There are 2 protein chains.
Amino acid sequence: MNPPTIKDVAKAANVSVATVSRVLHNLTGFSDKTKQKVLQAVEELGYQPNAIARGLINKRTQTIGVLFPDVSSNFSSDILHGVEDAAHEKGFSVIVCNTAEDGKRTMKYLQVLREKQIDGIVFTSEFLKDEYYEALNDMRVPVVLVNTQTHKHMIPYVKVDDRQAAYQATDYLIRNGHREIAMISGTLTDPIAGTPRVEGYKQALADHGIEVDEDRIAYGNFGYESGRQAMHKLLAEAPSFTAVFAASDEMAVGAMGAAFEKGLKIPDDLSIIGYDDLNISRMIYPPLTTVHQPLADMGRLATEKLIALIENTSQVSSSIVSHYIVERQTVRKLP
Amino acid sequence: MNPPTIKDVAKAANVSVATVSRVLHNLTGFSDKTKQKVLQAVEELGYQPNAIARGLINKRTQTIGVLFPDVSSNFSSDILHGVEDAAHEKGFSVIVCNTAEDGKRTMKYLQVLREKQIDGIVFTSEFLKDEYYEALNDMRVPVVLVNTQTHKHMIPYVKVDDRQAAYQATDYLIRNGHREIAMISGTLTDPIAGTPRVEGYKQALADHGIEVDEDRIAYGNFGYESGRQAMHKLLAEAPSFTAVFAASDEMAVGAMGAAFEKGLKIPDDLSIIGYDDLNISRMIYPPLTTVHQPLADMGRLATEKLIALIENTSQVSSSIVSHYIVERQTVRKLP
DNA sequence: ATGAAAGCGCTAACAA
DNA sequence: TTGTTAGCGCTTTCAT
């Protein structure tokens, strides 16, 4: 009735449980004949090891947790894909945690993960509050950050250089002959994806001797609708501009929608460059020129780091991964 | 050094482990004074229960597994969102499994989930092969299917009526005055999302006395690029048509791209209706009219069913959830 | 080469 | 109301 245990196998093979364990783990100390007996018993009974019992004694569950502010976003799911892939490769399972808006469930989840004795955590796209840090620290498991970082604590992270990426996006526009460049920024209070991108934009303008005009900067929350509204605002209130740098692809797409609504043609009447390189960017028309962030790779890299830490084969180390501009069809070269 | 166990708490509170367990579970049989002592010890030591040990004895891990052919697709991540949400609400964690192209990793994952003693499985968007069924059956845990189904076995599923939804999409086009209607189908070998949608399309035409022309049907694999190609093929080879029904939003978006490339205006020159209602559909321009599938709700419902089954508070039951057409701006009313 | 036995941290009879 | 104890299924000394 109940699934067979190692005891049942031992009995069937006429050996002790210790021996069964030995052959199952390919240790030493058993004859070839015993091995056959055991393997046959395993086969006949359809025995499957119980990872829970194993975990209780090994103090390892071969499971990691990954936290996202919004699992269903395109952004998160790309990262998840990389995480899952790397984890699976190394023999780990991954528990997904959706921390929901403003990390409402973060603490709760940390608690759950702790009780479930997970071996490590990938923490993504959310600012690491002190409260979280304390909890994480209490758990005594390795943590790797993706798309966020902390200077306060020694926690490895994997992200792109947001400031530099924004700089280059703006610079790209300038090299294409644009001088009147607007920006649609994300929330300024976001210390990772907010401020640095605006700074990069400003710096690029400054380095080219272009005056920064705050009226050409509109703010959104990285989402589609906010991008659409920001663009409408810009179109209505800002000094004229020939190009826009949006701090996220979703906002860029929203901005394009707004432009279309006003009868503008892209890139003929207005150029636009995004940030992220989500799938949607190559699917819309015209395909969006944008800054590519290797999200899946970042998830993968973070997970590999995490597992190395778990198996303590490595020291804590962070990575700035490289971004690049994907030239598609939303930026026009000005004469 | 090591995290405190129930024993440590017992010692600190000067009671037995049984008593600690009792107050922690709010059972009966302890005085208020003991309760205070225990709670205080818990507090002081920062005790956290070990779910692994608990699972070993309860034979319940409060964890479910969910399998996707492609976690990073928009489609999967919406379902995942619903699953995660419902699971979290009921006190379950979810392990995500990406079965990869053609279910390469499905069997492997089923094995892992089994060893990890998960309490149930949500199986999505993939045809349930006999091999999978056998494995699932061996595991003796409840399973709920999402977006797929099986007639051969008694496994509850949650999905929309694909045939009817396709019928209605086509009918919608007809009611808007279209009579020359092409279709971009998914893979015909897909018994869930392939054939039924084509049948629904044909039936709708037939019911309106419109002859079905096989040359107006092109085939893709549900993905963007295949939709783009299918549309190019249709435009080049098919008899003229004024509207297209695409069996997935991604293909619809690809088809729109192809149309734009040919200088066609949507919906002025060509109407198009999609299927799925992914986020992208409302973000592109013009926003795509499509058949809404409540993916997150489906994930949620399936998970609730699953958990009910786990806690055997219910009998096996399937649900056909309702779809509806979201009218946006890609279908033009013909005079 | 093999087995006996002691736990891992917890729950749940069963006693007291 | 409280404690003792026997496991859950497994790994790992330590004997033999």
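None of the values given here were measured: they were computed from a predicted structure. Each chain gets a letter, A, B and so on, in the order its sequence line appears, and its residues count up from 1.
At whole-Å resolution of the value, CD in Q62(A) and P in dT11(D) are 12 Å apart. Separating the CG atom of D32(B) from the C1' atom of dT2(D) is a distance of 15 Å, rounded to the nearest angstrom. The distance from atom CG of L45(A) to atom C1' of dG9(D) is 15 Å, rounded to the nearest whole Å.
Side-chain N/O atoms of T19(A) include one lying less than 4.0 angstrom from OP1 or OP2 on dG3(C). Phosphate proximity of dT1(D) to T34(B): absent, as no side-chain N or O sits under 4.0 Å from OP1 or OP2. Residue T28(B) places no side-chain N or O under 4.0 Å from the OP1 or OP2 atom of dT1(D).
Between H153(A) and Y133(A), the ring planes lie parallel to each other; the angle is under 30°, not in the 30° to 60° tilted range.
Contacts of residues 135-143 of chain B with DNA chain D (heavy atom under 4.0 Å): none.
The side-chain contact (heavy atoms from CB on, under 4.5 Å) check on A18(A) picks up S16(A), R22(A), with sequence neighbours excluded.
Counted by atom type alone, Q111(B) and E115(B) present one or more donor-acceptor pairs between their side chains at under 3.5 Å. Looking only at atom types and distance, the side chain of S93(A) has a donor-acceptor partner in the side chain of K116(B) under 3.5 Å away. Under the 3.5 Å distance criterion, with hydrogens and angles disregarded, a donor-acceptor pair is assigned to the side chains of S317(B) and K305(B).
Contact of the I64(B) side chain with the V83(B) side chain is registered, since non-hydrogen atoms from C-beta on lie closer than 4.5 Å. Between V160(A) and M298(A) there is a side-chain heavy-atom pair separated by less than 4.5 Å.
Between the OG1 atom in T19(A) and the CG atom in N14(A) there is a gap of 11.0 Å [rounded to 0.5 Å].
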Checklist line | Per-nucleotide protein contact string for nucleotides 8-15 of chain C (B base, S sugar-phosphate only, - none; heavy atom under 4.0 Å) | finding: BBBBBB--
